Amino acid sequence: MRFLAKFLHVRRSELERTLQVAGFATLANVLASLCVAAQIPALMMVSERGTLGDFQIGQAIVCRAMRPILETLGIEHHTMTRLDEAHFIVDRTIKQAYLTQAPAALILSPLLTGERS
Amino acid sequence: MSERRNAKTMNRLDLTKRLVARLKNEEAVIGGIGNSNFDLFGAGKRPQNFYMLGSMGLACPIALGVALAQKRRRVFALEGDGSLLMQLGALATIAMLAPKNLAIVVWDNGMYQITGSQKTATSAGADVVEMARGAGIKQSAWASDEKDFERSVEQALKGDGPWFIGARIDGKAAPQQTPREPVIIKDAFMRGLGVVPPSKG
């Protein structure tokens with residue numbers, strides 16, 4: 001997380017305020033009724049838990065539901081796994097979200113953030 | 001200080017018209033789901049009105065975002081009791097961030113009116129003004145009657161917030177509904193706030 005924050009020129013504390021998958025799962029209604037319906041370019045950064053060794057079954061189930069929810073709503077999403085790709089993906093995703101007036105999600109994989117399971 | 005049990009039961013459309021009549025400086029108003037935004041629409045179209053469709057419980061968070069983004073503009077959230085109960089954490093966030101330009105009006109008729117008038121917890125004694133105070137919004141009060149409501153709105157227009165105004169209302173449905181045009185509503189609201197929506201393609 002520290003390296004990603006440095007790479008994106010943000011404070012680590014700002015990255016630590018990203019959503020986790022459980023928080024994301026509470027947002028289906030507002031994503032559908034506000035962001036998608038009104039074409040609002042909300043950018044989400046979702047810290048991916050519930051995968052790659054997570055021991056919490058609830059987190060794992062919600063993690064498996066996250067991408068199907070995004071796809072059902074037609075929300076563009078990318079999973080970030082490598083630091084050398086981070087700047088390109090973030091820059092292009094923000095640009096596209098704004099230009100097309102559509103929400104988008106960046107999923108921060110444990111491969112990138114190094115979060116403990 | 002008025003308490004809930006002593007507050008007069010008023011009418012949402014009448015109070016909304018009284019509020020809108022006092023807005024002289026392009027104040028933003030966020031109408032919550034259902035009858036809250038129907039009556040805002042019925043009180044007269046304004047470019048600075050946002051008619052929120054379908055996002056139950058989010059009038060206060062949306063108003064907070066507007067208040068933080070445009071600190072020189074006064075912002076009102078009009079929310080129902082059922083909607084507020086669904087998103088009570090927003091009160092603590094508002095108290096923590098303490099935007100001086102934000103006022104919350106909660107219409108309390110003790111029911112989920114739009115879905116068939118099922119009872120909300122306020123019908124059993126939950127007090128949204130006490131909840132707002134408990135969350136840290138010190139300037140929270142019930143409007144005892146229409147004149148008191150107008151006084152509270154005037155205070156919110158002139159003094160530093162955040163403010164929380166509770167208004168007990170009847171169960172009369174809004175006489176007209178807001179057109180379901182979310183993109184048009186968003187674009188009109190952005191322009192009303194002096195923000196030009198980007199063109200696509």
Side-chain angles (χ1 to χ4, degrees), chain A residues 10-11 13-47 49 58 62 65-66 68-78 90-106, chain B residues 28 30-34 36-37 41 49-66 68-69 77 79-80 82-90 93 96-97 112 114-115 178-193 195-201:
Chain A
V10 297
R11 286 191 294 272
S13 61
E14 289 173 307
L15 268 190
E16 285 170 347
R17 286 201 292 267
T18 55
L19 289 164
Q20 285 200 9
V21 289
F24 166 83
T26 67
L27 299 177
N29 183 61
V30 66
L31 289 173
S33 66
L34 188 69
C35 299
V36 175
Q39 299 176 5
I40 293 174
L43 180 70
M44 292 167 277
M45 295 188 84
V46 188
S47 182
R49 291 203 57 187
V62 174
M66 174 170 59
I69 292 170
L70 288 165
E71 280 156 21
T72 301
L73 295 173
I75 295 177
E76 177 99 359
H77 61 90
H78 300 282
V90 171
D91 179 60
R92 296 297 181 96
T93 301
I94 292 172
K95 200 172 286 178
Q96 182 172 327
Y98 185 73
L99 292 174
T100 64
Q101 293 288 281
L106 295 172
Chain B
I30 314 301
I33 196 169
S36 297
N37 88 62
F41 185 77
N49 288 354
F50 184 70
Y51 309 101
M52 188 261 282
L53 304 169
S55 308
M56 185 173 175
L58 292 186
C60 294
I62 293 169
L64 173 61
V66 175
L68 293 175
E79 188 66 292
S83 291
L84 183 72
L85 289 169
M86 188 172 165
Q87 203 67 260
L88 279 175
T93 305
M96 183 174 68
L97 297 174
Y112 296 99
I114 201 78
T115 57
T178 313
R180 278 18 177 225
E181 299 166 333
V183 177
I184 293 172
I185 289 170
K186 179 203 72 172
D187 284 356
F189 182 63
M190 288 178 73
R191 288 192 176 88
L193 299 191
V195 181
V196 178
S199 57
K200 288 188 197 174

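Residue numbers begin at 1 in each chain, while the letters A, B, ... track the order of the sequences. On a predicted model such as this, the values are computed, not experimentally measured, just so you know.
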Trainee: What pairs of residues pass the side chain to side chain donor-acceptor pair (under 3.5 Å) test when at least one of them lies in residues 21-38 of chain A, not counting sequence neighbours?
Mentor: A:Ser33-B:Ser55

Trainee: Could you look at B:Leu58 and say if it's the side chain, the backbone, both or neither that has a heavy atom under 4.5 Å from chain A?
Mentor: side chain

Trainee: Just to be sure I understand the criterion: a residue of residues 68-77 of chain A counts if one of its heavy atoms is under 4.5 Å from a heavy atom of chain B. Which ones qualify?
Mentor: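 None at all.
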
Trainee: Mind listing the closest non-hydrogen atom pair of B:Lys186 and A:Gln39 along with its distance?
Mentor: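 Closest approach of B:Lys186 to A:Gln39, heavy atoms only: NZ-O, 2.5 Å.
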
Trainee: Given heavy-atom pairs under 4.5 angstrom as the criterion, report whether the side chain, backbone, both or neither of B:Ile184 touches chain A.
Mentor: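 No part of it gets close to chain A.
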
Trainee: As a quick check of understanding, evaluate side chain to side chain contact (heavy atoms under 4.5 Å, CB included) for A:Leu34 and B:Ile62, giving each step before the final call.
Mentor: CA-CA 10 Å; A:Leu34 188 69; B:Ile62 293 169; 3.9 Å; yes

Trainee: Side chain to side chain contact (heavy atoms under 4.5 Å, CB included) with B:Ala59: which residues, sequence neighbours excluded?
Mentor: B:Ile30, B:Met52, B:Glu79

Trainee: Counting only non-hydrogen atoms closer than 4.5 Å, does B:Phe189 touch chain A with its backbone (N, CA, C, O), its side chain (CB onward), both, or neither?
Mentor: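 Answer is neither: B:Phe189 stays 4.5 Å or more from chain A.
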
Trainee: Cut-off 3.5 Å, no hydrogens considered: what does the side-chain donor-acceptor table look like for residues 91-98 of chain A, sequence neighbours left out?
Mentor:
residue	atom	partner	partner atom	Å
A:Thr93	OG1	A:Ile89	O	2.6

